[in-house]
Amino acid sequence: MTRPGARALRVAREIQRELACLIRDEVKDPRVGMVTLTEVELSADLSSAKVYYTSLGGQNDKETAEGLRRAAPFLRGMLGQRLRLRTVPELRFVFDPSVEGGMRLSRLIDEAVATDRLKGADKPDTE
């Protein structure tokens, strides 16, 4: 995959910023609750965008994905009104498991450190 240009990166950041506001303020679908956009990846011709997201609050990921998929045409239209682009990219929402995986790894590390501390407290000092 080719490296995106400076313009594509600027447009992706702007799309991410606007979509976050639109999802928070305009989307009324109850399936789309606490959603965080982690990245927007644009195609080379800026005609399509993969929008990576995570959902917070223990919501059902399938319901959230369906809600975002159904809201995509509405969000694309709103982006067209807010951004000055010749062509507004088609939006495709993709769940990003990296945040969830990072939290799981952090939890495992914390448990291992706590276990080591308990084992260290059980051993008598031999000095």
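Below, all heavy atoms of this structure are taken into account, side chains as well, without hydrogens, waters or symmetry copies.
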(message) One pair to check against side-chain contact (heavy atoms from CB on, under 4.5 Å): L42 and K50. What are the steps and the verdict?
(response) CA-CA 6 Å; L42 286 172; K50 282 185 190 177; over 6 Å; no
(request) Verify side-chain contact (heavy atoms from CB on, under 4.5 Å) between L79 and I15, making sure each step is shown before the conclusion. (result) CA-CA 8 Å; L79 276 177; I15 287 174; 4.1 Å; yes
(request) Find the distance between OG (S55) and NZ (K62) and round it off to the nearest 0.5 Å. (result) 13.0 Å
(message) Side-chain heavy atoms nearer than 4.5 Å, only ILVMFWY residues, links allowed to pass through others: does that put L68 and Y52 together?
(response) no
(request) For Y53, check ring pair (Phe, Tyr, Trp, His ring centres under 6.0 Å) against everything at least two apart and list the hits. (result) F95
(message) Show me the pairs that pass side chain to side chain donor-acceptor pair (under 3.5 Å) and involve residues 16-29, at least two apart or across chains.
(response) E14-R17, E18-R82, D29-R31
(request) For the residue pair T38 and D96, confirm or rule out a side-chain donor-acceptor distance under 3.5 Å. (result) yes
(request) Output every pair passing salt bridge (charged side-chain N to carboxylate O under 4.0 Å, His left out) with a member in residues 68-80, not counting sequence neighbours, ordered by first then second residue. (result) E66-R69
(request) Please examine the side chains of V32 and V35, heavy atoms only from C-beta on, and report whether any two atoms are closer than 4.5 Å. (result) yes
(request) Name all residues meeting the side-chain contact (heavy atoms from CB on, under 4.5 Å) criterion together with Q81; count only those two or more places apart in sequence or in a different chain, and write none if there are none. (result) M78
(request) Indicate, with yes or no, if L75 and V40 share a hydrophobic cluster defined by side-chain heavy-atom contacts under 4.5 Å among Ile, Leu, Val, Met, Phe, Trp and Tyr. (result) yes
(message) Applying side-chain contact (heavy atoms from CB on, under 4.5 Å), can you list everything that pairs with D110, at least two apart in sequence or on another chain?
(response) S106
Distance-only check: which donor-acceptor pairs under 3.5 Å involve side-chain atoms of residues 83-91, not counting sequence neighbours?
none

